[in-house]
Protein chains: 2
Amino acid sequence: MTATAPEAHPAGPGPHPAGRRERKKQRTREALVDAAFRLFAEKGFDGTTVEEIADAVDVSSRTFFRYFASKEDVALTFQEEQHAAMLSALTDRPADEPVLTAVRRAVVGIAVACERGDLGFDPDRFECMMTLTADSDNLMAGSLEHAQKKQAILTRAIAARMGTDPATDLRPHVVASSVIAAFHAAADALTTDGLGFERLSDAVDAAFELLEAGLNYPSEGARPE
Amino acid sequence: MTATAPEAHPAGPGPHPAGRRERKKQRTREALVDAAFRLFAEKGFDGTTVEEIADAVDVSSRTFFRYFASKEDVALTFQEEQHAAMLSALTDRPADEPVLTAVRRAVVGIAVACERGDLGFDPDRFECMMTLTADSDNLMAGSLEHAQKKQAILTRAIAARMGTDPATDLRPHVVASSVIAAFHAAADALTTDGLGFERLSDAVDAAFELLEAGLNYPSEGARPE
DNA sequence: GGCTAAAGTGTCATGAAGTGACACTTGTCG
DNA sequence: CGACAAGTGTCACTTCATGACACTTTAGCC
């Protein structure tokens with residue numbers, strides 16, 4: 001869930017000016033996320049109970065649900081951050097790039113950053129997320145739903161870049177959903193060897209290249225005149 | 001006990017030679033689906049419990065779960081059938097149509113059929129599904145997951161049409177996911193008025209048109225040389 | 001017809017997710 | 001310090017989901 005977003009200054013080494021209560025809350029939240037991922041990595045998503053996560057941090061499971069709306073939610077923190085980073089990267093793209101190109105570079109940039117452990121999160125955890133999502137139906141469903149919800153924001157960002165209004169123009173909607181689709185296809189492609197992708201960033205780049213080039217391929221049965 | 005069958009069937013010679021057991025099972029299943037949709041329409045998806053559905057058909061809730069893996073599952077019967085119909089329509093398209101075009105016509109054809117109540121299911125229920133999915137997060141997640149799972153099949157169908165191998169060619173993956181994305185974008189667009197779509201089939205057609213034409217629109221900031 | 005094996009179902013028990021109510025503790029601020 | 005609010009624990013409860021076991025119905029066979 002969206003934190004109340006107090007101060008966003010990770011650079012401050014000293015004590016945060018935001019009051020003890022807020023700091024403690026933040027620490028508990030992070031501890032829950034850490035414990036959750038440790039346990040997920042160890043026993044899988046479905047194999048881990050909320051109670052175990054809460055116990056590992058020494059809070060009641062009731063408290064867990066005061067920080068996260070569901071068990072999925074704690075795992076999806078990640079995608080939340082990635083998505084935010086991606087949006088920010090998108091607005092940083094030069095204004096004259098065509099939309100798909102801009103989105104492509106933004107997404108690939110984030111993927112590379114994740115793989116290298118920049119952006120503040122651990123690349124292992126990034127890897128872990130992919131595994132978890134792949135083998136828990138519940139988490140997969142949650143992940144898809146999350147993406148779906150974020151799509152509206154992406155649609156607006158894309159519309160802004162196109163200088164159009166998403167309330168009256170279907171195009172940004174189709175672009176946004178296709179973009180997310182391409183991303184998912186890429187994530188999928190990673191697990192299918194034979195396609196020969198080592199890194200997510202490579203797969204994403206390839207998928208977007210196809211999307212940019214247009215998808216209306218001829219059928220096999222088409223007779224060349 | 002519990003022999004109070006709601007609909008007494010004429011004890012005459014069964015027209016179906018398929019065995020009484022099988023017929024009874026089928027009837028129970030259909031009764032569950034019917035009751036579920038009736039209750040969903042009345043009280044919403046989240047507002048309806050499995051027990052209520054089971055009670056309405058006079059079976060135990062344990063039995064409900066012998067027919068459906070989850071509460072979502074019973075609602076998704078529908079998408080299951082639509083998807084199957086769509087695949088079948090796709091293979092019926094002329095062999096020389098380019099892929100996107102073929103998929104577009106198949107999907108639009110199914111949408112029209114649904115709206116008209118052909119294909120054996122009730123158009124009201126079709127409408128109901130859209131409403132339900134829109135206001136239950138759980139059902140939305142389930143629906144998305146279902147689509148995701150079916151995507152693999154669509155990918156193969158598209159690959160077959162292109163005469164290529166999905167294990168070594170990324171294109172059918174991207175096409176399949178984009179196609180599903182376009183469909184979702186269309187479903188979304190229906191609820192956004194201002195886009196001016198009355199029927200799903202119209203929205204789908206428009207979304208596919210955009211997809212076919214290519215999505216890499218210029219940004220507003222692009223300076224025309 | 002009657003017997004048997006298996007399919008289908010009900011009942012009971014259990015586990016885990018998620019929520020509401022209420023009291024207790026602790027940080028914040030005057 | 002004292003009042004107030006935020007955060008938390010505990011308890012009770014609902015719902016989804018699954019496993020175990022016994023009972024009933026059906027199918028198949030003699």
Side-chain angles (χ1 to χ4, degrees), chain A residues 1 3-7 15-32 35-36 39-40 43-76 136-139 141-142 145, chain B residues 1-6 9 11 13-14 16-32 36 39-40 43-76 136-139 141-142 145:
Chain A
M1 291 300 248
T4 34
E7 78 286 23
H16 295 358
R20 178 141 75 215
R21 190 174 263 165
E22 207 56 41
R23 266 175 288 138
K24 194 168 181 180
K25 206 162 77 166
Q26 199 54 36
R27 251 187 294 131
T28 302
R29 190 191 156 86
E30 278 164 26
L32 281 171
L39 288 165
F40 289 162
K43 319 167 58 170
F45 181 79
D46 293 321
T48 304
T49 70
V50 169
E51 200 176 3
E52 287 169 328
I53 301 172
D55 281 352
V57 185
D58 205 32
V59 297
S60 74
S61 38
R62 189 67 187 84
T63 293
F64 174 93
F65 285 108
R66 290 192 177 102
Y67 282 90
F68 304 97
S70 66
K71 194 169 72 165
E72 283 79 23
D73 201 34
V74 65
L76 263 28
S136 163
D137 283 356
N138 290 333
L139 187 51
E145 194 199 341
Chain B
M1 40 197 301
T2 72
T4 45
H9 43 289
H16 292 302
R20 179 142 75 214
R21 188 175 268 167
E22 208 56 40
R23 267 175 288 139
K24 195 170 181 179
K25 205 162 77 165
Q26 198 54 36
R27 250 187 296 132
T28 303
R29 188 190 157 86
E30 276 165 27
L32 281 170
L39 288 164
F40 290 160
K43 321 168 55 170
F45 182 78
D46 294 321
T48 304
T49 69
V50 170
E51 199 175 3
E52 287 169 328
I53 302 172
D55 281 353
V57 185
D58 204 33
V59 298
S60 73
S61 36
R62 187 68 186 86
T63 294
F64 174 92
F65 285 107
R66 290 191 176 104
Y67 281 90
F68 302 99
S70 65
K71 194 169 70 165
E72 283 79 22
D73 201 34
V74 66
L76 264 26
S136 163
D137 284 356
N138 290 334
L139 187 51
E145 194 199 340

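Protein chains get the first letters and strands the later ones, always in sequence-line order, with residue 1 at the start of each.
Rounded to whole angstrom, the span from the CD atom of E52(B) across to the P atom of dT14(D) amounts to 13 Å. Distance CZ (R23(B)) to P (dG8(C)): 14 Å, rounded to an integer number of Å. Nucleotide dG7(D) holds its P atom 15 Å from the CZ atom of R20(A), rounded to whole Å. One interatomic measurement links the two molecules: CD of E22(A) to P of dT28(C), which rounds to 9 Å at whole-angstrom precision. R29(B) has its CZ atom 17 Å from the C1' atom of dA7(C), to the nearest Å. D55(A) has its CG atom 12 Å from the P atom of dA16(C), to the nearest Å. One interatomic measurement links the two molecules: CZ of F64(B) to P of dG10(C), which rounds to 13 Å at whole-angstrom precision. Here dG9(D) presents its C1' atom at 13 Å from CD of E51(A), a figure rounded to the nearest Å.
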Considering only nitrogen or oxygen atoms on both sides, find all protein atoms under 3.5 Å from nucleotides 21-23 of chain D and state each distance.
none

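Residue D46(B) is classed as having no contact, given no heavy-atom separation below 4.0 Å to the nucleic acid. Within the nucleic acid shown, S60(A) comes within 4.0 Å of at least one base atom, counting heavy atoms only.
Picking from dG9(D), dA17(D), dG27(C) the nucleotide with the shortest atom distance to the side chain of S70(B) gives dA17(D). Listed nucleotides dC16(D), dG10(C), dA5(D) differ in distance to R21(A); the shortest reach to its side chain belongs to dA5(D). Side-chain atoms of K25(A) lie closest to dG7(D) of the nucleotides dC11(D), dG7(D), dG10(C). Of all nucleotides listed (dT15(D), dA17(D), dA17(C)), dA17(D) comes nearest to the side chain of F65(B).
Take S136(B) and apply the side-chain hydrogen bond (donor to acceptor under 3.5 Å, both in side chains) test, not counting sequence neighbours, and it matches D46(B).
A donor-acceptor distance shorter than 3.5 angstrom exists from the side chain of T48(B) to the backbone of G44(B), with no hydrogens or angles considered. A donor-acceptor pair is defined here as one N or O able to donate and one able to accept, closer than 3.5 Å; no such pair exists between the side chain of T63(A) and the backbone of V59(A). With hydrogens and angles disregarded, a donor-acceptor distance shorter than 3.5 Å links the side chain of K71(A) to the backbone of F45(A).
Between E72(B) and N138(B), the shortest heavy-atom distance links the atoms OE2-CB, 3.6 Å. Of all heavy-atom pairs spanning S70(B) and F65(B), the tightest one is CA-CE2, 4.1 Å.
Checked by distance alone, R62(B) brings no side-chain donor or acceptor within 3.5 Å of a matching partner on the base of dG8(C).
The side chain of Y67(B) places no N or O atom within less than 4.0 Å of a non-bridging phosphate oxygen (OP1 or OP2) of dG8(C).
Pairs engaging residues 51-63 of chain A under the salt bridge (charged side-chain N to carboxylate O under 4.0 Å, His left out) rule: K43(A)-E52(A) [sequence neighbours left out].
Each of T48(B) and T63(A) was assigned the nucleotide of DNA chain D with the nearest heavy atom; the assignment lying further toward the 5' end belongs to T63(A). Nucleotides of DNA chain D nearest to F68(B) and K24(B) differ in position, and the one nearer the 5' end is that of F68(B).
Results of the side-chain contact (heavy atoms from CB on, under 4.5 Å) test with F64(B) over D73(B), L32(B), V57(B) single out L32(B) as the only residue that passes.
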